[in-house]
Amino acid sequence: NAGVTQTPKFQVLKTGQSMTLQCAQDMNHNSMYWYRQDPGMGLRLIYYSASEGTTDKGEVPNGYNVSRLNKREFSLRLESAAPSQTSVYFCASDRGPLNEQFFGPGTRLTVL
Amino acid sequence: KNEVEQSPQNLTAQEGEFITINCSYSVGISALHWLQQHPGGGIVSLFMLSSGKKKHGRLIATINIQEKHSSLHITASHPRDSAVYICAVSPNGATNKLIFGTGTLLAVQP
């Protein structure tokens with residue numbers, strides 16, 4: 001099992017460009033999450049999907065959109081990237097509330 | 001003030017020492033998580049607990065719900081334990097929406 005996979009691992013964008021971060025899990029988990037990690041701050045929830053077909057905003061959703069494509073895949077889209085979105089992005093999944101979360105390896109995004 | 005506070009922020013220990021990392025939180029919770037993040041970024045869940053104590057190998061996690069406090073202990077520390085240790089809570093009524101501390105950077109020297 002690959003667990004949680006993310007692509008790409010690294011990305012550099014110019015302000016205003018768009019991109020989609022891809023995440024997939026092969027553990028048949030119901031819930032999936034997107035977080036961002038910034039220096040000196042804890043991980044912050046951007047969006048989550050409690051189950052296939054549903055998505056909800058987290059703490060910092062502005063500037064992002066998500067799609068739960070199917071049970072395995074949950075993508076994060078930046079429509080018009082800004083320097084403030086420079087961060088490391090982690091995808092995670094779990095079986096549902098109050099279960100252990102499994103994290104992907106992260107995507108390091110720089111917006112110039 | 002952050003809802004989840006960890007102390008210390010940085011910790012240097014000698015191999016073999018007993019290590020304690022603390023986590024305090026200010027919200028009602030359904031569970032508390034301890035995670036480990038190694039240099040290079042990968043994050044791994046170590047424990048999830050809602051009461052009492054859990055042990056896995058040389059790692060022990062305890063929680064006191066009344067005092068809103070948890071500790072992570074590492075016995076017989078080893079350089080491979082060097083990592084960032086992160087505390088996170090599942091708040092009551094929003095158990096999907098974890099709130100994370102900023103982490104404790106541990107360096108264990110040989």
Side-chain angles (χ1 to χ4, degrees), chain A residues 2-6 8-11 21 23 25 27 29-51 54-61 66 68 74 87-109, chain B residues 1-10 21 23-51 54 56 59 61 63 65 70 83-105:
Chain A
V4 180
T5 57
Q6 291 182 235
K9 287 188 166 47
F10 300 93
Q11 184 71 49
L21 282 64
C23 174
Q25 52 89 10
M27 295 171 282
H29 284 168
N30 292 316
S31 303
M32 298 185 73
Y33 310 84
W34 277 106
Y35 296 99
R36 60 178 288 173
Q37 186 178 42
D38 300 294
M41 304 187 74
L43 286 151
R44 292 182 293 169
L45 182 64
I46 305 171
Y47 271 94
Y48 70 101
S49 171
S51 60
T54 69
T55 60
D56 284 290
K57 294 178 181 178
E59 181 185 352
V60 288
V66 290
R68 183 76 183 265
F74 188 39
S87 188
V88 181
Y89 292 85
F90 287 94
C91 178
S93 70
D94 63 29
R95 288 185 294 174
L98 301 180
N99 279 280
E100 175 188 7
Q101 286 195 8
F102 292 80
F103 288 78
T107 296
R108 187 172 294 274
L109 174 66
Chain B
K1 189 179 189 301
N2 293 337
E3 292 166 300
V4 179
E5 299 270 4
Q6 290 185 234
S7 62
Q9 286 186 305
N10 295 281
I21 298 170
C23 176
S24 296
Y25 52 92
S26 57
V27 296
I29 69 168
S30 298
L32 183 141
H33 306 251
W34 282 103
L35 307 106
Q36 180 191 58
Q37 184 172 25
H38 274 287
I43 300 172
V44 175
S45 177
L46 298 174
F47 295 102
M48 186 184 72
L49 65 167
S50 55
S51 65
K54 286 192 175 180
H56 185 255
L59 301 178
I63 188 168
I65 294 289
S70 175
V84 175
Y85 291 85
I86 301 170
C87 173
V89 300
S90 295
N92 288 334
T95 51
N96 282 75
K97 297 184 175 183
L98 295 187
I99 304 172
F100 293 80
T102 55
T104 294
L105 176 59

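This structure is a prediction, so every number in the text was calculated from the model and none was measured. Scope of the values below: all heavy atoms of this structure, side chains included, with no hydrogens, waters or symmetry mates. Lettering of chains follows the sequences in order, A, B, ..., and the numbering in each one begins at 1.
Residue-environment remark: CZ (A:Arg108) stays at or below the threshold of 12 foreign heavy atoms within 6.0 Å.
Under the side chain to side chain contact (heavy atoms under 4.5 Å, CB included) criterion, A:Lys9 pairs with no residue at all, not counting sequence neighbours.
Proximity to chain B is limited to the backbone of A:Asn99, based on heavy atoms less than 4.5 angstrom apart. Neither the backbone nor the side chain of A:Phe102 comes within contact range of chain B; no heavy atom of the residue lies under 4.5 Å from a heavy atom of that chain. In this structure, chain B has a heavy atom under 4.5 Å from the side chain of A:Gln37, while its backbone stays farther away. For B:Ile99, no part lies near chain A; criterion is any non-hydrogen pair under 4.5 Å. For A:Leu45, the part lying under 4.5 angstrom from a heavy atom of chain B is the side chain only.
Between B:Ser30 and A:Leu98, the shortest heavy-atom contact is CB-CD2, 3.7 Å. Summarising the geometry of A:Pro97 relative to B:Asn96, their closest heavy-atom pair is CG-OD1, 3.4 Å, with the distance given to 0.1 Å. When all heavy atoms are compared, the tightest approach of A:Phe103 to B:Ile43 is CB-O, 3.5 Å. The two residues A:Leu43 and B:Phe100 come nearest to each other via the heavy atoms O-CD1, 3.3 Å. The nearest pair of heavy atoms linking B:Ser45 to A:Gln101 is CB-O, 3.7 Å.
Side-chain contact between A:Tyr35 and B:Leu98 is present, with at least one heavy-atom pair separated by less than 4.5 Å.
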